[in-house]
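In what follows, every heavy atom counts, from backbone to side chain, and hydrogens, waters and symmetry copies are set aside. Every number for a ligand or one of its atoms is a count from 1 in the order of the listing.
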Amino acid sequence: MNDLGTGKYAVVIVAAGSGERLGFGMPKAKVPLGGEPMLVHAIRGALKSGVPDQICVALPRGDVELRSICETLTVEMAGSNGPALELVNGGDSRSESVRAALDAVRGDITAVLIHDAARPLAPAEVYERITAALANGAKAVIPALAVVDTIKNVEPAQLGDSGLRVERVQGTPARSQLRAIQTPQGFDLPTLRRAHEFAATLDAEAAAEITDDAMLVEAIGEDVFVVQGSSHSLKITTPTDLLLAEALLQGPLAPRWVEG
Ligand code: CTP
Ligand code: MG
């Protein structure tokens, strides 16, 4: 059972990216997974969690097709007394898309979960862990998995007379202390608004380095807490990720899946 405390929650789904690395020549949120656009999976996942009173989606500017798919969902959700679905145009960077969606968050909302449409299979248990931590006083909560690869810091380097371009290792952080961070990330709304006011002051180069919202909360000096994520919350970035997501959704592993 969800521990929602006394909070009223909005889920923001950012779906305005172009999906360059996936290479389908269309916004990633529109790419089909199990026959339905990724964004539809992400919205249904948020609904299934029972968390949102409102869902705000940042769409690729001018994408008529995704907008119309969402409008159909709006009607379906209204018919089943579901949360309100608000559609906004996203921006040039992820963090601008988040801010556009935050502008549409209702006045009675106290906390927001921000989720990437590129993680269409995030399960309800993760939403529950996030809201439980928020209900217990955390102002920022993110889901994470332990890292399986050894991670190294590197710098550009050259070898030999030809100046062969390689990289040189600077150091190896202890793997036991590293986490791979996912979404949905949960925030108390005033904290998130403050973090994004700070983000709006960054120049384009610094803004491009902002890959999640928790980074901004860290930058304004607030504690960010970590809960267990899920291997089902994988981010679809390249075609290999899409293959894996299709397999998770339909393949023989699905019924035998053991959460890790
Ligand atoms: N996103 C967004 N607005 C942007 C850029 C990204 O809403 N201007 C969203 C994406 O739609 C995605 C999430 O942020 O759900 C994570 O971004 P990423 O995986 O990088 O997706 P894309 O930017 O679409 O992919 P790529 O970087 O390969 O173009
Ligand atoms: Mg991107």
Side-chain angles (χ1 to χ4, degrees), residues 10-33 36-47 52 55-67 69-70 73 85-105 112-123 126-127 130 142-145 180-187 192 195-196 199-200 202-217 229-246:
V11 172
V12 160
I13 300 179
V14 283
S18 54
E20 301 268 306
R21 289 168 291 176
L22 193 58
F24 269 59
M26 65 170 90
K28 190 155 68 180
K30 198 153 66 181
V31 170
L33 169 66
E36 279 201 303
M38 272 189 227
L39 175 58
V40 173
H41 288 278
I43 294 174
R44 289 202 197 284
L47 286 173
I55 299 179
C56 300
V57 181
L59 293 170
R61 186 176 291 280
D63 192 306
V64 183
E65 215 178 322
L66 269 182
R67 184 168 281 271
I69 289 167
C70 287
L73 274 178
L85 183 65
E86 207 68 55
L87 307 175
V88 303
N89 284 322
D92 291 339
S93 65
R94 183 187 182 279
S95 103
E96 279 173 284
S97 295
V98 171
R99 280 196 289 288
L102 282 183
D103 285 344
V105 167
V112 176
L113 275 66
I114 301 183
H115 187 46
D116 291 335
R119 299 183 189 271
L121 303 181
V126 174
Y127 281 83
I130 299 289
I142 60 179
L145 289 183
I181 303 304
Q182 307 176 324
T183 70
Q185 300 188 347
F187 306 94
L192 185 65
H196 273 277
L202 297 174
D203 62 29
E205 202 182 332
E209 302 272 303
I210 304 297
T211 49
D212 77 350
D213 300 280
M215 278 175 76
L216 298 171
V217 173
S230 166
S231 38
H232 280 209
S233 305
L234 81 160
K235 179 147 86 77
I236 297 175
T237 306
T238 64
T240 327
D241 303 324
L242 190 57
L243 276 178
L244 184 53
E246 288 284 3

*Return the protein residues near ligand 1 (heavy atom under 4.0 Å from any of its atoms), ordered by chain and residue number.*
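Its neighbours under 4.0 Å (heavy atoms only) are V14, A15, A16, G17, S18, G19, E20, R21, K28, G91, D92, S93, R94, S97, D116, A117, A118, K235, given by chain and number.
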*Indicate the atoms forming the closest heavy-atom contact of P143 with Q185, along with that distance.*
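Scanning both residues completely, I find the closest heavy atoms to be CD-CG, 4.2 Å.
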Less than 3.5 Å apart, which donor and acceptor atoms pair up between the side chains of residues 10-29 and the rest of the protein, not counting sequence neighbours?
residue : atom : partner : partner atom : Å
K28     : NZ   : I236    : O            : 2.8

*Spacing of CG belonging to L33 relative to CG belonging to L39, to within rounding of 0.5 Å*: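 Interatomic distance, L33 CG to L39 CG, rounded to 0.5 Å: 12.0 Å.
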_Under-4.0 Å salt bridge between K235 and D116_ =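 Salt bridge: no.
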*Evaluate whether atom CD of E36 has more than 12 neighbouring non-hydrogen atoms of other residues, nucleotides or ligands under 6.0 angstrom away.*
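Atom CD in E36 is packed in, count exceeds 12.
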*Please lay out, stage by stage, how D212 and R94 fare under the test salt bridge (Lys or Arg N to Asp or Glu O under 4.0 Å).*
CA-CA 8 Å; D212 77 350; R94 183 187 182 279; over 6 Å; no
